[in-house]
*Asks:* 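I'd like to ask you about the structure that follows.
Chain A is the first sequence line, chain B the second, and so forth, proteins listed ahead of strands; every chain is numbered from 1. A quick note: this is a predicted structure, and the numbers were derived from the prediction, not measured. Excluded from the calculations below are hydrogen atoms, water molecules and symmetry mates; all remaining heavy atoms, backbone and side chain alike, are included.
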Amino acid sequence: MRVVKHPILGDDRRKRDAAIIVDGNRVDAITGEPIAAALMAAGIRKFRVTPRFGSPRGLFCGIGRCIDCVMTVDGQPNVRTCVTPVKDGMIVETQTGLGKWADEP
Amino acid sequence: MNERVQYTGIPSEAELLASPGVPSRQRLEQGPVAFIECVQEIPCNPCEEACPFGAITVGEPITNLPVLNGEKCTGCGMCIAQCPGLAIFKVHLRYKEATSLVEFPYEYCPLPRKGDRVPCGDRKGDYVADGWVVSVKNARGNDGTAVVAVEVPRACCLEVRTICRKEYR
Amino acid sequence: MGGRTVKTTQVAVIGAGPAGLAAAIEVARAGGSVTVIDENAKPGGQLFKQIHKFFGSREHRAGVRGFHIGEQLLVETRELNVEVLLDSPVYALFPDKTVGYIHDGKEVCLKAEKIIIAAGAAENALAFPGSTLPGVMGAGAAQTMINVHRVLPGKRILMIGSGNVGLIVSYQLMQAGADVAALIEAAPQIGGYGVHAAKILRAGVPIHLSHTVKRAMGKDQVESVEMMELDARWQPVAGSEKILAVDTVCIAVGLTPLTELAWLMGCEFAFVPGLGGHVPKHDLNMETTVPGVFVAGDISGVEEASTAMEEGRLAGTACAEGLGLLERERARDLKTVIWERMNALRTGPFGDGRRKAKDHLVGLPVGGYE
């Protein structure tokens with residue numbers, strides 16, 4: 001959910017000028033915002049599942065250090081979504097385990 | 001049960017009575033006055049400069065508690081929005097026949113409007129009584145800290161410190 | 001280092017947060033060449049998520065909101081033509097004061113005469129069953145989401161930790177439109193300022209002292225939390241468990257200095273719990289045990305942005321002095337003013353502990369790891 005009205009920061013007038021594809025579904029986003037922000041705005045909080053136990057993970061530190069929020073982006077696995085800016089047309093996939101490169105069998 | 005602020009988050013009655021920023025009962029009877037609920041020695045002094053009448057003194061070191069001079073305070077309320085801790089209020093005990101005016105900082109959406117009837121809450125956020133919004137000041141210099149004045153039944157003017165968020169969203 | 005681009009500067013500052021920018025401004029003001037390097041896409045570190053008014057006095061910019069102070073720092077940085085390299089993670093420091101960083105997929109080496117490390121700190125985690133579920137996150141992460149990216153991380157929140165971060169972020173989550181169901185604190189008293197606690201209490205948020213989280217529950221994300229009371233010996237009180245329906249748990253249990261680069265440089269360290277753990281030993285000029293290598297801000301002990309900026313100014317001034325850009329007397333005058341301002345922030349019941357910890361750190365003998 002986006003914070004549109006804010007008593008200190010005022011109204012958020014940014015336009016959702018980009019769209020990313022998340023696991024095949026279109027998600028409206030704002031160019032330059034972290035991928036994680038666009039996902040959370042759309043109510044998506046599960047970003048990957050762990051290799052051994054398959055347990056779900058999502059955003060934790062939000063500053064690029066804990067790497068809990070990594071996903072596969074445009075075919076590249078382990079991209080930190082909390083610090084990687086949205087570009088229009090990005091393909092974002094929930095990552096399983098360590099992920100696979102696009103050209104990996 | 002320890003009632004001090006570090007156990008409750010709310011200054012106890014004893015702490016407020018002992019605080020140099022809280023006006024005396026006698027001063028409250030005389031007219032509108034600032035009510036500074038700052039009872040811990042933190043390094044902070046913008047209230048001192050905020051007062052155009054020199055009624056608030058912090059001095060050195062800046063961890064001193066603010067001292068209110070009830071004679072100099074005119075109850076203008078200029079200090080309310082300047083306190084980074086949102087700990088300054090204004091009380092006008094004898095505002096009208098049976099009501100008092102309480103002014104407090106408010107930094108939430110939606111902001112009430114003059115004339116609105118709002119649920120008023122105490123320091124714990126619990127509902128106390130309905131009040132009528134007399135003014136909402138949100139000057140640019142306040143940088144987002146609106147100052148809301150509500151008219152409330154006199155009996156609860158030392159309890160009411162906010163709009164009750166549980167009921168007003 | 002063949003094949004890598006090599007640049008030179010007088011002072012390399014690592015980290016473009018409040019400490020790093022303040023340091024760079026002082027070097028530039030004294031006429032030195034300075035390059036700030038930061039891994040993030042934007043400068044300012046964590047200042048831009050701090051939308052509350054700061055404490056202190058006029059000289060500390062009290063009463064001004066953190067993000068406005070950040071904007072001001074950026075203006076000064078631009079006016080002084082300070083070079084700020086963004087998207088540039090530093091991966092190595094070499095003994096000859098060469099800084100290795102990566103930009104745009106390429107390695108670059110920056111040869112400096114002095115280095116100021118202002119890498120900041122990271123939030124501590126708290127492990128409990130379910131703490132890895134999506135919806136459990138650092139309070140700072142939630143604060144970044146609401147105040148910088150303007151996205152709510154959840155609708156109903158449990159905050160863990162009653163230090164100023166836990167109190168302030170609870171307040172700001174409500175300003176952003178979320179509900180804070182409760183704040184819990186394992187200690188028997190509130191850690192942060194009473195005025196910050198008063199703000200969230202007025203908004204109807206209960207603060208439960210001597211309480212901790214037992215587990216977070218949910219399938220793919222947090223759906224509820226079980227909390228419990230702790231006795232005087234910090235042991236769970238049987239039968240005190242209570243279930244709270246929340247979709248988000250924010251953890252605000254302190255920060256740890258990000259010291260990797262100082263370790264890499266061979267700085268001596270001391271373990272000072274009151275400053276967040278292992279911190280590089282340093283003197284009053286913020287210089288570490290490695291001559292010419294300085295630290296400033298949270299890396300030298302976790303405090304607030306106001307103190308971080310003062311430490312940055314101190315390190316920057318000392319560097320300028322060391323480079324011969326400031327005469328000794330002039331430098332001493334400048335530093336005295338900064339020390340006084342800094343000490344003013346380290347007074348009172350909340351600041352005394354940090355001041356003592358800092359005095360202890362500065363007074364430690366050099367010559368080994370403590």
*Asks:* If I take atom CD1 from residue Ile207(C) and atom OG1 from residue Thr8(B), how far apart are they, to the nearest 0.5 angstrom?
*Replies:* 8.5 Å

*Asks:* Is the CD atom of Gln26(B) crowded by more than 12 outside heavy atoms at less than 6.0 Å?
*Replies:*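 Counting neighbours around CD of Gln26(B), 12 or fewer heavy atoms of other residues, nucleotides or ligands fall under 6.0 Å, so no.
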
*Asks:* Could you give the distance from CG (Asp179(C)) to NZ (Lys166(B)), rounded to the nearest 0.5 Å?
*Replies:* 11.5 Å

*Asks:* Specify the closest pair of heavy atoms between Tyr108(B) and Ala203(C), including all atoms of both residues, with the distance to one decimal.
*Replies:*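 Of all heavy-atom pairs spanning Tyr108(B) and Ala203(C), the closest is OH-CB, 3.4 Å.
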
*Asks:* Which residues, numbered in order, of residues 133-161 of chain B come under 4.5 angstrom of chain C by heavy-atom distance?
*Replies:*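 So far as heavy atoms go, Asn142(B), Asp143(B), Gly144(B), Thr145(B), Arg161(B) are the residues that approach chain C to under 4.5 Å.
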
*Asks:* State the NE2-CD1 distance between His60(C) and Ile62(B), to the nearest 0.5 angstrom.
*Replies:* 5.5 Å

*Asks:* Kindly state each residue pair satisfying ring-ring contact (aromatic ring centres under 6.0 Å, His included) with at least one member in residues 58-93 of chain B, sequence neighbours excluded.
*Replies:* His92(B)-Tyr95(B)

*Asks:* With a 4.5 angstrom heavy-atom cut-off, could you sort out which part of Pro206(C) is near chain B: side chain, backbone, both or neither?
*Replies:*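 Looking at Pro206(C), nothing touches chain B.
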
*Asks:* Quick check for you: among Val58(B), Leu86(B), Ile10(B), which has the greatest number of heavy-atom pairs under 4.5 Å with chain C?
*Replies:* Leu86(B)

*Asks:* Please rank Gln40(B), Arg165(B), Glu48(B) by heavy-atom pairs under 4.5 Å with chain C and give me the top one.
*Replies:*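 Highest number of pairs under 4.5 Å: Gln40(B).
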
*Asks:* Hey, could you give me the CG/OG1 distance between Leu345(C) and Thr63(B), rounded to the nearest 0.5 Å?
*Replies:*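 Here the interatomic distance stands at 10.5 Å.
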
*Asks:* Side chains of Phe104(B) and Arg202(C), heavy atoms from C-beta outward: is any pair under 4.5 Å?
*Replies:* no

*Asks:* First locate atom CD of Glu107(B), then atom CD of Gln172(C), and finally report the distance between them rounded to the nearest 0.5 Å.
*Replies:* 9.0 Å

